[in-house]
Every structure is written in structure tokens, then in C-alpha cells.
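Proteins come first, then strands; the chains are lettered A, B, ... in the order of their sequence lines, and each starts at number 1.
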There are 2 protein chains.
Amino acid sequence: LLKLENVYKTYHMGKVSVPVLKNINLEIKKGEYVSIMGPSGSGKSTMMNLIGALDRPSKGRILLNGTDISKLSDDRLATLRQKMVGFVFQQFNLIPRLTTLENVELPMWFAGLPKRARAKRARDLLIQVGLGDRLTHKSTELSGGQMQRVAIARALANKPEIILADEPTGNLDSKSGAEIARMLDRLNDEGKTIIIVTHDPTLAKIARRIISLKDGEIVDDRIS
Amino acid sequence: LLKLENVYKTYHMGKVSVPVLKNINLEIKKGEYVSIMGPSGSGKSTMMNLIGALDRPSKGRILLNGTDISKLSDDRLATLRQKMVGFVFQQFNLIPRLTTLENVELPMWFAGLPKRARAKRARDLLIQVGLGDRLTHKSTELSGGQMQRVAIARALANKPEIILADEPTGNLDSKSGAEIARMLDRLNDEGKTIIIVTHDPTLAKIARRIISLKDGEIVDDRIS
Ligand SMILES: Nc1ncnc2c1ncn2[C@@H]1O[C@H](COP(=O)(O)OP(=O)(O)OP(=O)(O)O)[C@@H](O)[C@H]1O
Ligand SMILES: Nc1ncnc2c1ncn2[C@@H]1O[C@H](COP(=O)(O)OP(=O)(O)OP(=O)(O)O)[C@@H](O)[C@H]1O
Ligand SMILES: [Mg+2]
Ligand SMILES: [Mg+2]
């Protein structure tokens with residue numbers, strides 16, 4: 001499903017080059033449940049952004065279902081992403097002035113779903129993550145963990161084939177975190193491909209495969 | 001040092017009232033190390049904002065060193081806060097366009113410290129949290145865990161008596177998290193009062209006392 005070939009990512013800050021990902025070679029099959037772990041600053045979110053087609057590599061190729069996504073135009077990339085990928089951001093990236101419900105409806109509105117269908121689906125997803133009583137709060141009127149759960153619900157709005165979750169339980173107590181872990185497990189049973197970055201050992205344990213990053217390189221890749 | 005008497009906090013959203021903290025009674029002595037735990041949405045950050053004088057209660061009193069802070073003007077509150085309190089926010093709240101170094105210098109600039117002194121102190125703090133090689137990055141050019149560490153360094157800039165940290169290790173791997181735990185422990189040995197909100201059992205274990213919140217009320221308060 002997903003293949004990274006000799007991928008490099010370097011940031012340029014004036015004269016200084018910051019090599020953030022080096023020589024990444026990785027293959028992820030459809031339906032896998034992969035956990036990406038590693039120290040703070042090791043390149044996990046950067047790698048997730050490349051996988052999720054939100055960023056382009058400096059060198060190397062990324063293939064999604066056989067298509068070289070580094071060759072696609074921004075428009076075609078956006079359409080592909082909208083159909084196939086659900087992304088939970090480390091910083092949530094909710095729209096501040098919209099309500100919880102509106103934030104989760106937004107991807108479905110872009111996908112052309114009619115109002116009644118997207119309102120119902122948004123509501124169902126928010127109830128699933130325990131936010132049924134926070135539908136009309138603006139996203140700035142939520143707790144940190146509530147914002148995180150809205151971000152999770154939003155990522156699932158368009159029933160994506162691939163779920164990319166960057167530290168989805170960092171702001172959750174162990175009980176809420178366990179509920180999210182179960183939810184991801186169920187989605188994986190339904191055939192979805194799950195790639196999570198996590199420091200949470202509970203979440204990593206459920207994954208079938210653990211990839212370890214260190215200083216921008218893959219240092220370990222094992223079946224857990 | 002700190003006393004909350006019959007504190008209530010209610011948000012009003014149009015006609016709806018959302019009672020978020022109810023009947024909070026709490027005393028924290030100078031030099032204590034307290035951990036606040038509880039489910040997502042239970043009111044922990046709200047309580048921290050009241051303790052840190054960033055918000056006012058709907059009912060009840062908050063006394064800091066015997067002064068009723070709910071009676072102070074905004075100006076006097078800001079001065080008191082600047083001198084006594086270091087706050088690590090759950091969402092970090094860094095200034096996007098400023099560099100790592102500038103973000104940590106900011107509180108010292110407000111406190112009137114001269115350039116050389118604040119540049120040196122900012123650099124020392126950032127090296128302590130492992131960010132010596134990220135001094136000139138803008139805060140938007142950092143990883144999640146790096147932003148969190150800048151927020152921690154910034155909270156310590158003015159050598160505050162009270163350190164309030166709202167989930168300071170949520171985005172950190174276990175090794176970086178352990179370093180922060182050790183740092184807070186050392187500060188507590190130096191006599192600083194530490195109040196942390198955390199879901200991280202490693203961090204909670206170091207605290208001497210654990211206060212548990214549930215649906216806006218204190219349901220447990222014990223020496224750990
Ligand atoms: N401005 C607001 N208006 C209305 N409700 C609010 C507002 N801010 C927070 N809340 C509500 O207050 C409750 C407590 O929020 P708080 O941020 O204190 O929770 P928390 O315990 O820190 O949770 P978490 O562990 O998820 O960070 C939440 O249910 C939230 O929806
Ligand atoms: N725009 C940028 N310009 C320069 N350097 C950057 C930029 N964005 C990220 N970096 C650097 O790239 C490195 C990797 O960042 P990344 O966000 O991928 O780390 P991470 O593994 O997700 O860390 P964490 O666990 O803290 O979230 C970091 O050292 C960071 O400072
Ligand atoms: Mg990250
Ligand atoms: Mg909170």
C-alpha cells in the first residue's frame with residue numbers, strides 16, 4: 001500500500017541545513033497496524049507528514065497504491081489525501097471559531113456529503129469518543145483532551161482507508177486513552193491501515209509492528 | 001501558601017450554564033509537590049488557571065500568601081503572577097514568530113532583566129532541557145516535544161516560587177519525560193512549590209501528594 005524509497009528530508013534555515021530524515025526505506029502493507037516510536041525530535045511527525053502527503057521529501061520517492069505521490073500536483077495530492085487518509089495532528093489543528101460538530105463535519109463538507117448525512121455521522125463519531133455533550137462548544141471552549149478527541153473524530157469523518165495518528169492519547173487519562181486504543185483496534189479489524197506515533201506503551205502494545213526512529217533514521221523495525 | 005475556599009467556576013454559554021468546578025476546598029503549603037489527576041474534562045486545567053491567577057473564580061476565594069487574589073486589580077494580579085508563578089501550559093502557548101531563545105527571554109524582559117543576563121539564563125535553561133542546538137529555531141520549526149520543553153524552560157525563567165505545570169510530559173518520550181521529572185524534583189529540593197497536572201504515572205509517583213478531580217470536584221486528596 002505504502003512505500004518509502006531512500007527518502008530524505010532536510011530543512012534549510014538560511015545557510016544552515018538541518019537534515020531531519022535520512023535514508024528512510026519502509027514498506028507498509030494494507031491492513032497493517034504500525035507504531036512509530038523514538039525520542040522527541042527524532043523525525044516522527046516529519047515522517048507522518050510525508051506519508052500523509054502533507055509535505056514532500058527532499059530526496060527519494062513515496063508510493064501510495066503504486067502512485068508516486070511526489071510527482072502529483074498539489075490538487076491531485078489533496079484529492080487523494082481527502083479520500084484515503086485521516087490525519088490526527090499532534091497539535092490537533094482544530095478551527096478555533098467552529099464548534100465541535102462543525103470541525104468534524106468539515107472534511108465531509110469538502111467531500112461533498114449533504115448536510116443531513118454529515119451532521120449525523122459527525123454526531124455519531126463524537127458520541128463514540130465521549131463528547132456527545134460538547135457538540136455546540138467552540139473548539140476553544142474544550143479541555144486539551146477533549147480537543148484531542150475531536151481531532152480523532154474528525155480524522156475518521158470520511159471513512160479513510162489509512163489512519164495516521166500523531167500521539168493521539170498524549171493529553172488523555174488512561175481510561176480515555178484505552179477507549180481510543182480499542183477504537184483503533186476495531187478499525188484495524190475492519191481492514192483499515194493504522195499508523196500511529198506514540199510514546200504511550202499501552203497503545204504501542206496493540207500495534208503489530210514497531211518502527212523505531214533515532215536522529216532521523218530507522219534503527220529498528222520488528223513485529224511486536 | 002495557597003488556599004482555595006469554596007471555589008466554584010461556571011461557564012455561561014448563552015442560556016446554558018456549564019458548572020466546571022464545584023465546592024473546591026484546598027490548601028497547599030510552601031515547598032509541597034502536588035500532583036493533580038483526573039479524567040479528561042474533569043476541570044484540572046481550569047483549576048490550574050485559577051491557582052495561577054490567570055482566571056477568576058465564579059464564587060469563593062483564592063488566597064496566595066494570605067492575599068485574596070480575587071480582590072486584586074488586573075495589574076496587581078499580573079505583577080504578582082510575574083514574580084511568583086511559572087506556568088507550563090497544556091498547549092504550550094509559545095509566540096510563533098519568536099525563536100526558542102526569544103520565547104524563554106520574554107518573561108525576563110517583562111521583569112526588567114538586562115539583555116546579557118536574560119540571554120545567558122535563557123541559554124542555560126534551554127541546555128538543561130536538551131535544546132542547546134535549537135536556540136535560533138522559530139517555535140514553529142520545532143517538534144511537539146521540543147515546543148513542550150521550551151514552555152518548561154520559559155516557565156522557569158524568572159525563578160518562580162511556584163511552578164504550575166499542566167501535563168508537562170504529554171508529548172515527550174519516556175527518557176525526556178524522566179529528565180523533566182528529575183528537574184522538577186531538584187527544584188522541589190531547592191524549596192520551590194510544584195503543582196503538576198499529569199496523566200503520566202512516572203511523574204505522579206514523584207509527587208508527595210495526589211489530588212484527584214472528577215466532574216469538577218475533589219474526590220480524593222492523599223499523601224502518596
Ligand atoms: N470557555 C469554556 N466554555 C465552556 N466550557 C468550557 C470552557 N473551557 C473549558 N470548558 C469545559 O470545562 C471542562 C473542564 O475543562 P478543563 O480544561 O479544566 O479539563 P481538564 O481536566 O484539564 O481536561 P484534560 O485532561 O482533557 O486537559 C471541560 O468539560 C470543558 O468542556
Ligand atoms: N520547519 C522546520 N525547520 C527546521 N527544523 C525543523 C522544522 N520542523 C521540524 N524541525 C526539526 O526537525 C526535527 C524533527 O521534528 P519532528 O517534529 O519530526 O520530531 P518528532 O519525532 O515528531 O518529535 P516529538 O516526539 O517531540 O513530537 C526536530 O529536531 C525539529 O527541530
Ligand atoms: Mg512529533
Ligand atoms: Mg487540561
Side-chain angles (χ1 to χ4, degrees), chain A residues 11-14 16 18 20 37-49 89-92 94 99 129-131 133-134 136-149 166-177 179-180 197-202 204 212-214 216, chain B residues 11-14 16 18 20 37-49 89-92 94 99 129-131 133-134 136-138 140-150 166-177 179-180 197-202 204 212-214 216:
Chain A
Y11 288 107
H12 300 285
M13 305 175 60
V16 181
V18 185
V20 162
M37 303 186 83
S40 171
S42 53
K44 307 179 294 296
S45 298
T46 303
M47 192 158 99
M48 289 289 267
N49 288 342
F89 295 94
Q90 188 169 5
Q91 305 280 314
F92 320 150
L94 301 180
T99 64
V129 295
L131 293 176
D133 60 352
R134 287 287 179 272
T136 54
H137 281 235
K138 294 204 177 54
S139 46
T140 47
E141 295 167 336
L142 299 173
S143 79
Q146 289 169 344
M147 290 186 208
Q148 188 153 43
R149 285 180 276 157
D166 196 345
E167 313 217 29
T169 59
N171 280 286
L172 299 178
D173 55 279
S174 51
K175 187 156 168 288
S176 311
E179 282 165 31
I180 298 305
V197 171
T198 188
H199 296 308
D200 182 353
T202 327
S212 303
L213 269 188
K214 188 167 163 29
Chain B
Y11 289 107
H12 299 285
M13 306 174 60
V16 181
V18 184
V20 160
M37 303 187 83
S40 171
S42 52
K44 307 179 295 296
S45 297
T46 303
M47 193 158 95
M48 289 288 266
N49 288 341
F89 295 94
Q90 187 170 6
Q91 304 282 311
F92 319 150
L94 302 180
T99 64
V129 296
L131 293 176
D133 60 352
R134 288 287 178 271
T136 54
H137 281 234
K138 295 204 178 50
T140 46
E141 295 167 336
L142 298 174
S143 77
Q146 289 169 343
M147 290 185 208
Q148 188 153 43
R149 286 181 274 157
V150 176
D166 196 346
E167 313 218 27
T169 59
N171 280 285
L172 299 178
D173 55 279
S174 51
K175 185 155 170 289
S176 313
E179 282 164 31
I180 298 304
V197 171
T198 187
H199 297 307
D200 182 352
T202 327
S212 303
L213 270 188
K214 188 166 159 40

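- Residues forming a salt bridge (charged side-chain N to carboxylate O under 4.0 Å, His left out) with B/Lys214 (at least two apart in sequence, or on another chain): none.
- Under the salt bridge (charged side-chain N to carboxylate O under 4.0 Å, His left out) criterion, B/Glu141 pairs with no residue, sequence neighbours left out.
- Under a 3.5 Å cut-off, the side chain of B/Ser143 and the backbone N or O of B/Gln146 do form a donor-acceptor pair.
- Your options are A/Gly177, A/Gly144, A/Ser174, and the one with the most heavy-atom pairs under 4.5 Å with chain B is A/Gly144.
- Under the 4.5 Å side-chain criterion, counting only non-hydrogen atoms from C-beta, B/Met147 is in contact with A/Gln91.
- With hydrogens and angles left out, the side-chain atoms of B/Asp200 and B/Thr198 include no donor and acceptor closer than 3.5 Å.
- For chain B, the nearby part of A/Glu167 is the side chain; its heavy atoms alone come within less than 4.5 Å.
- For a residue to count as touching a neighbouring chain, one of its non-hydrogen atoms must lie under 4.5 Å from one of that chain's; by this rule B/Phe92 touches chain A with the side chain only.
- Remark: B/Phe89 pairs with B/Phe87 by the ring-ring contact (aromatic ring centres under 6.0 Å, His included) rule, at least two apart or across chains.
- Looking at B/His199, its side chain does come within 3.5 Å of a backbone N or O of A/Asn171 through a donor-acceptor pair.
- Scanning both residues, B/Met13 and B/Val18, for their nearest heavy atoms gives SD-CG2, 3.7 Å.
- Proximity to chain A among residues 37-47 of chain B is limited to B/Gly38, B/Pro39, B/Ser40, B/Gly41, judged by heavy-atom separations below 4.5 angstrom.
- When each of B/Arg134, B/Arg149, B/Lys175 is checked for heavy-atom pairs under 4.5 Å with chain A, B/Arg149 comes out on top.
- Neither the backbone nor the side chain of A/Val20 has a heavy atom closer than 4.5 Å to any heavy atom of chain B.
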